[in-house]
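Heads up, the thing below is written out as structure tokens.
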Amino acid sequence: LIKVIFVLVAMLALLSGNYSFAQAPSERGERLAAKFDTIDTDNDGKISHDEYMANCEERFKLLDTNNDGFLTKEEARGAAALKREEAKHKAMEKAKMRFDQIDADKDGKISLDEWKAAHPDKPMAEEWFTAADTNGDGFLTKEEMQSSREQKRERRKGKFRRRQ
């Protein structure tokens, strides 16, 4: 039973944790350090087998929403859906912060000059800006920027699905 629990929890961790790979290396490192600290309950700087298994059991209990000692496909899907929503929310917050960083004059729009200044080492920046500026006014709104990111994400998903 412990092996089954371990495998299920590991699979759900992989499914639910994929968004962390889209983060900057320092953010991933911070998240990993925080996870490590959570699992290392005796704070000795090492994770013992018992600590690891206790963490797996805790996570299993969180996923087992009806507390019957088993995970159903619905419970696993619900946990994965919740993680996806959390990741989507974090991505939206990060996009808003990034927009505000690029919008140097704080007028609620990003001009081509602001965009190029934020991406000096990316020759494709101007091409992407032009494609994202769907109304052709020479500025990106938060909506245009978010729409472009969503389209890019969907293209990636399509490529990934075709490879499988």
Side-chain angles (χ1 to χ4, degrees), residues 8-40 43 47 55-56 58-66 71-164:
L8 286 171
V9 171
M11 287 173 45
L12 287 170
L14 285 173
L15 287 172
S16 63
N18 284 341
Y19 70 90
S20 67
F21 292 108
Q23 297 172 335
S26 62
E27 291 174 24
R28 284 194 308 264
E30 289 170 17
R31 286 181 50 81
L32 183 60
K35 284 181 184 180
F36 186 95
D37 291 343
T38 300
I39 298 170
D40 181 23
N43 298 313
I47 297 174
N55 181 262
C56 288
E58 274 300 310
R59 290 173 53 197
F60 181 89
K61 288 176 186 176
L62 290 172
L63 299 174
D64 181 18
T65 56
N66 65 0
L71 286 184
T72 62
K73 286 181 183 178
E74 290 75 26
E75 287 170 322
R77 286 183 189 132
L82 181 62
K83 282 293 190 178
R84 281 192 301 274
E85 281 302 311
E86 289 173 3
K88 185 176 180 180
H89 177 72
K90 285 180 182 180
M92 297 273 290
E93 289 301 313
K94 188 175 180 178
K96 288 177 186 175
M97 286 176 31
R98 183 68 177 137
F99 183 93
D100 291 340
Q101 288 173 340
I102 296 171
D103 183 17
D105 62 9
K106 306 300 178 208
D107 65 351
K109 303 181 284 186
I110 296 175
S111 69
L112 180 57
D113 289 337
E114 288 170 323
W115 184 259
K116 286 165 56 174
H119 301 87
D121 58 337
K122 296 185 179 177
M124 302 290 285
E126 188 166 346
E127 184 179 318
W128 184 89
F129 182 95
T130 304
D133 181 17
T134 55
N135 65 1
D137 68 353
F139 294 93
L140 292 182
T141 62
K142 287 182 181 181
E143 293 78 18
E144 286 174 320
M145 198 166 165
Q146 185 62 34
S147 174
S148 179
R149 286 178 183 262
E150 288 172 8
Q151 289 173 2
K152 185 177 182 180
R153 191 175 302 121
E154 288 301 316
R155 284 192 303 271
R156 280 191 207 145
K157 284 182 186 177
K159 287 180 184 178
F160 178 73
R161 285 186 197 126
R162 285 192 295 267
R163 286 187 218 154
Q164 290 181 337

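All figures in this text were calculated on a predicted structure; none of them were measured in a lab.
- Looking at R98 and R149, their side chains come closer than 4.5 Å, going by heavy atoms from C-beta outward.
- Across L63 and A79, no two heavy atoms sit closer than the pair CD2-CB, 3.1 Å.
- In this structure a side-chain-to-backbone donor-acceptor pair under 3.5 Å is missing from K116 to S111.
- Judged by distance alone, the side chain of Q146 and the main-chain N or O of A95 form no donor-acceptor pair under 3.5 Å.
- Taken to the nearest 0.5 Å, the CE atom of M145 stands 10.0 Å off from the CG atom of D103.
- Using bins of under 30°, 30° to 60° and over 60° for the plane-to-plane angle, the ring pair W128/W115 lands in the parallel bin.
- Residues L71 and D64 come closest through the heavy atom pair CD2-N, 3.5 Å.
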Please assess R153 against E150 for the test side chain to side chain contact (heavy atoms under 4.5 Å, CB included), listing each intermediate value before the final yes or no.
CA-CA 5 Å; R153 191 175 302 121; E150 288 172 8; 3.8 Å; yes
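- In this structure, the separation between CE on M92 and NZ on K88 is 7.0 Å, given to the nearest 0.5 Å.
- Side chains of E74 and R77 form a contact here, defined as non-hydrogen atoms less than 4.5 Å apart.
- Considering OG of S148 and NZ of K152, their distance stands at 8.0 Å, rounded to 0.5 Å.
- Side-chain atoms of Q101 never come within 3.5 Å of backbone atoms of A118 as a donor-acceptor pair (strictly under, hydrogens ignored).
- Counted within 6.0 Å of NZ on K106, heavy atoms from surrounding residues, nucleotides or ligands total more than 12; the atom is thus considered enclosed.
- With rounding to the nearest 0.5 angstrom, the CD atom of E114 is 8.0 Å from the CZ atom of F99.
- Between the side chain of D113 and the backbone N or O of A117, no donor-acceptor pair lies under 3.5 Å.
- In this structure, CG in L112 is found 9.0 Å from CG in D133, a value given to the nearest 0.5 Å.
- Looking only at side-chain heavy atoms (C-beta outward), Q151 and E154 stay at 4.5 Å or farther from each other.
- Of all heavy-atom pairs between E75 and T65, the closest is OE2-N, 3.1 Å.
- Put simply, the side chain of S147 never gets that close to the backbone of E143: no donor and acceptor are under 3.5 Å apart.
- Considering only heavy atoms from C-beta on, I39 stays 4.5 Å or farther from E58 through its side chain.
- Residues H119 and I102 form a side-chain contact, since some pair of their non-hydrogen atoms from C-beta on lies under 4.5 Å apart.
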